[in-house]
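Note sheet for the following structure.
As the structure is a computational prediction, the values presented were derived from the model and not from experiment. All chains are named by letter (A, B, ...) in the order of the sequence lines, taking the proteins before the strands, and each is independently numbered beginning at 1.
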Amino acid sequence: MNDVDKHSLEEMNRLIEEIERHNYLYYVKDSPQIPDAEYDRLLRNLEAIENAHPELVRDDSPTRRVGARADEGFNEVEHELPMLSLANAFDKDEVREFHERILRRLEVDQVEYVAEPKLDGLAISLLYENGKLTRGATRGDGRRGEDVTANARSIRSVPLRLRNAPSSSKIEIRGEVLMTRKGFARLNAQQDEAGAKRYVNPRNAAAGSLRQLDPAISAARPLEFFAYGLGLSEGFDLPATHAEVLDAIADLGLRANPERQMVSGFDGLISAYKRLLSLRPNLPYDIDGVVYKVNDLQLQQRMGFVSRAPRWALAHKFPAEEEITTVEAIDVQVGRTGAITPVARLSPVFVGGVTVSNATLHNHQEITRLDVRVGDSVVVRRAGDVIPEVVSVLHDRRPDTSVAYVFPVRCPVCNSDIVLDEGGVIARCSGGLFCIAQVRESIKHFASRRAMDIEGLGSKLVEQLVDNQLISNVADIYTLSAERLLTLDRMGEKSADNLIKSIQRSRSTTLPRFLFALGIPQIGETTAAALATHFGDLDAIMIADEDALVNVQDIGPIVAHNVVEFFAQQHNRDVIGGLIEAGINWPSIERVPADARFKDKTFVLTGSLSGMSRTEAREMLMTLGAKVTSSVSSKTDYVVAGSDPGSKLDKAERLGVQVIDEAEFNELIGGN
DNA sequence: GATCCTCGAGTTCT
DNA sequence: CTCGAGGATC
């Protein structure tokens with residue numbers, strides 16, 4: 001070997017070592033020390049040397065993650081130590097039994113466990129011989145699995161070489177391959193673009209990706225690996241506890257789950273379960289439970305196995321996020337704007353921790369996309385706080401007698417024609433004021449918290465009032481008397497009195513709230529506030545023509561037209577007249593001084609503040625001239641993060657928007 | 001004419 | 001919270 005080659009070889013080995021170190025820092029330590037671009041540069045440098053000296057290329061080089069296509073499918077491999085399954089527990093009592101059985105068998109009064117999330121992916125085994133990855137295999141039936149070495153190599157969080165591995169060793173790492181929720185969403189978007197089939201959930205996507213015959217496809221999929229234990233371990237000193245095993249695995253360069261924790265006793269198990277359950281919605285990947293393992297390996301051995309599951313471990317499952325149920329009926333709802341929304345009435349099913357009996361089907365397109373019919377078996381999903389949705393229809397379970405769903409052409413409430421609006425997606429009842437459903441919904445909107453805030457006048461009561469013809473428009477609310485209210489079912493003196501009081505309170509309001517309450521199409525809280533500040537009083541808005549309206553910030557020709565149209569209708573003018581007569585009043589708009597402290601500053605509030613409600617904070621900011629919006633963008637000046645902030649915080653950090661906490665916020669506004 | 005930003009509207013259950 | 005679309009901007 002000449003000097004040049006020798007130099008290249010040294011440089012190549014140095015680069016491989018450095019890349020492996022950064023992989024370790026990134027995946028295991030979760031603290032990258034160099035930007036991604038710098039990492040890519042290292043990879044490219046390595047590639048350049050390898051291209052110049054093909055004869056020197058090492059097969060464990062990080063550039064060699066993607067191998068050749070397996071045309072013949074996967075070979076079967078036998079696990080030297082079977083990959084066992086875990087016993088499941090679905091409630092506390094089963095966990096208590098598990099714990100008490102362990103205490104009894106081991107004749108101890110307390111026992112320590114490791115608790116970690118049960119990742120919803122697929123189990124694989126990675127075999128490292130003398131530190132090099134030589135085989136990756138799926139779990140299969142536990143005894144035999146499929147050889148997916150080529151695809152396992154393409155996963156970035158699977159090191160091709162262990163760090164500090166004993167020279168003569170055979171170490172089998174076991175863990176879970178999964179796809180993050182973000183990666184899953186991205187993949188499905190790509191599948192859509194390519195006209196390919198969508199995956200149902202991240203687990204299926206991970207399984208499908210790992211089983212691609214072409215490792216190049218597998219490599220392009222966002223797969224991740226988390227180790228949860230050891231299989232075979234020859235030439236490697238086993239520590240005394242499972243927690244130490246996981247730490248040792250991390251030292252070898254693999255990622256163990258960062259949420260693992262040691263707990264003690266039954267109460268410890270349950271608190272770990274609760275902690276992970278609350279963490280669940282915020283984790284980047286799906287988990288379907290918690291795994292408890294006796295920490296002490298000697299004690300594990302004394303516990304032994306039952307059939308194919310260890311007695312020292314238990315999977316405590318969360319309520320499933322997906323369940324199968326049947327569609328009993330498809331109804332349509334009529335919204336305040338006449339929007340016709342189809343709703344699937346479901347046979348009640350416990351999913352994601354609550355009982356779900358309704359799920360929106362959004363619109364006729366969605367019904368066509370799903371091809372859902374009454375009588376169908378459907379998969380319903382509810383993850384975290386997310387609203388339940390019908391994910392898919394099990395078409396092979398469809399009864400022979402089923403008939404295709406026909407979208408109604410007439411409003412089920414008022415029998416008016418249903419028309420598609422411009423986009424062709426939203427169907428609307430053309431009944432307008434003649435549709436009692438639209439009247440009911442617009443009254444509910446008027447009374448709602450963000451509008452006139454009439455406490456006690458909720459959905460049920462509005463329906464009662466309208467159905468009993470005590471009111472037929474929003475002005476009628478102010479003609480109600482306690483005596484009339486008492487004629488309603490389940491209405492006592494106290495409730496009637498309280499309602500009259502809150503109606504009275506609502507007479508004093510603000511112009512933006514009043515405008516919003518009217519329910520003018522396309523006029524929400526923000527636009528209502530813009531109208532109010534621009535024109536100053538109601539009369540000016542009512543007589544404004546389209547040209548005048550488009551001068552308002554964020555109002556264009558379409559919205560302007562809606563506003564003019566609304567005030568042109570005699571009925572609307574009458575109702576507004578009635579409301580003013582009934583004593584609705586608001587303080588005249590205080591012009592925000594041009595030198596206001598936060599003039600032209602945009603704020604977004606997230607999480608809850610301890611000192612004031614979000615609404616209070618918003619109103620305070622607005623009086624100081626600030627604009628308060630609901631979504632973060634590059635134009636946002638400050639994001640105020642209270643406790644338990646939502647996804648807005650992540651976005652703010654990504655966009656580099658200034659984030660301030662409650663203390664800083666108080667300081668900022670305190671200067672006034 | 002295309003692209004980005006933001007608002008409005010509708011949604012489930014406790 | 002998410003989707004669709006109006007409005008602003010280049």
Side-chain angles (χ1 to χ4, degrees), chain A residues 181 185 188-189 192 281-282 319 321 323 325 331-346 348-366 369 380-390 420-429 437-438 441-442 444-445 448 450-451 458-459 512 515-531 546 549-563 566 602-604 606 618 627-637 645-652 655 657:
Chain A
R181 288 198 271 257
N188 261 351
D192 281 350
N282 299 320
E321 293 192 326
E323 283 292 348
T325 186
D331 290 347
V332 296
Q333 284 173 354
V334 186
R336 148 172 86 86
T337 62
I340 302 284
T341 310
V343 188
R345 306 286 178 206
L346 305 168
V349 62
F350 189 72
V351 51
V354 299
T355 304
V356 171
S357 46
N358 299 311
T360 177
L361 294 171
H362 302 292
N363 51 53
H364 63 98
Q365 278 185 359
E366 176 79 354
R369 188 181 73 77
V380 175
R381 181 181 173 83
R382 181 187 178 277
D385 295 339
V386 179
I387 290 165
E389 56 169 353
V390 175
L420 286 182
D421 74 358
E422 292 93 275
V425 177
I426 300 169
R428 281 184 206 283
C429 159
Q438 289 187 48
E441 295 306 310
S442 57
K444 286 181 200 171
H445 169 75
S448 68
R450 310 181 82 104
S459 172
L515 280 172
F516 172 58
L518 291 176
I520 306 166
Q522 311 268 23
I523 305 297
E525 284 175 286
T526 310
T527 319
L531 279 173
E546 294 187 22
L549 287 161
V550 290
N551 284 330
V552 183
Q553 191 63 223
D554 293 328
I555 289 185
I558 296 176
V559 174
H561 180 76
N562 280 327
V563 174
F566 182 87
T602 304
F603 282 72
V604 172
T606 181
R618 207 183 59 186
K627 203 171 151 190
V628 183
T629 65
S630 56
S631 56
V632 180
S633 78
S634 54
K635 292 185 182 165
T636 308
D637 295 293
S647 60
K648 289 171 197 169
L649 182 59
D650 304 342
K651 192 168 178 195
L655 294 173
V657 171

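In this structure, A:Arg369 places its CZ atom 11 Å from P of C:dG4, rounding to the nearest Å. In this structure, A:Glu389 places its CD atom 12 Å from P of B:dT12, rounding to the nearest Å. Regarding A:His445, its NE2 atom lies at a distance of 10 Å from the C1' atom of B:dG8, rounded to whole Å. Atoms CD (A:Glu366) and P (B:dT11) sit 13 Å apart, rounded to a whole Å. Rounded to an integer number of Å, the gap from A:Asn562 CG to C:dA5 P is 14 Å. Taking atom CD1 on A:Ile426 and atom P on B:dA9, their separation rounds to 10 Å, with Å as the unit. With rounding to whole Å, A:His561 atom NE2 is found 18 Å from C:dA5 atom P. The interatomic distance linking A:Phe350 (CZ) with B:dT12 (P) rounds to 19 Å, in whole Å.
Shown here are the side-chain contact (heavy atoms from CB on, under 4.5 Å) partners of A:Pro521, two or more places apart in sequence or in another chain: A:Asn562, A:Phe566. In this structure, the side-chain hydrogen bond (donor to acceptor under 3.5 Å, both in side chains) partners of A:Glu546, at least two apart in sequence or on a different chain, are A:His561. Take A:His362 and apply the ring-ring contact (aromatic ring centres under 6.0 Å, His included) test, not counting sequence neighbours, and it matches no residue. Under the rule for a side-chain hydrogen bond (donor to acceptor under 3.5 Å, both in side chains), A:Thr325 has no partner lying at least two apart in sequence or in another chain. Applying the salt bridge (Lys or Arg N to Asp or Glu O under 4.0 Å) test to A:Asp637 and every residue at least two apart in sequence or in another chain returns nothing. Residues meeting the side-chain contact (heavy atoms from CB on, under 4.5 Å) test with A:Ala339, sequence neighbours left out: A:Thr337, A:Ile426, A:Arg428. In this structure, the side-chain hydrogen bond (donor to acceptor under 3.5 Å, both in side chains) partners of A:Ser459, at least two apart in sequence or on a different chain, are A:Lys444.
For the segment residues 354-362 of chain A, no residue has any heavy atom less than 4.0 angstrom from an atom of DNA chain C. Of the residues in residues 333-342 of chain A, those lying under 4.0 Å from DNA chain B by heavy-atom distance are A:Gln333, A:Arg336, A:Thr337, A:Ala339, A:Thr341.
At distances below 3.5 Å, not a single donor-acceptor pair connects side-chain atoms of A:His364 with backbone N or O atoms of A:Pro342.
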Distances under 3.5 Å between nitrogen or oxygen atoms of protein and nucleotides 8-10 of chain C:
residue, atom, partner, partner atom, Å
C:dA8, OP1, A:Asp554, N, 3.0

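Residue A:Leu515 comes nearest to A:Ala528 through the heavy atom pair CD1-O, 3.6 Å, listed as atom of the first residue, atom of the second, then distance. Closest heavy-atom contact between A:Val334 and A:Cys429: CG1-CB, 4.4 Å.
Listed candidates were B:dG8, C:dG7, B:dT12. Nearest to the side chain of A:Val559 is C:dG7.
Residue pairs meeting the salt bridge (Lys or Arg N to Asp or Glu O under 4.0 Å) criterion with at least one member in residues 332-346 of chain A, sequence neighbours excluded, are A:Asp331-A:Arg345.
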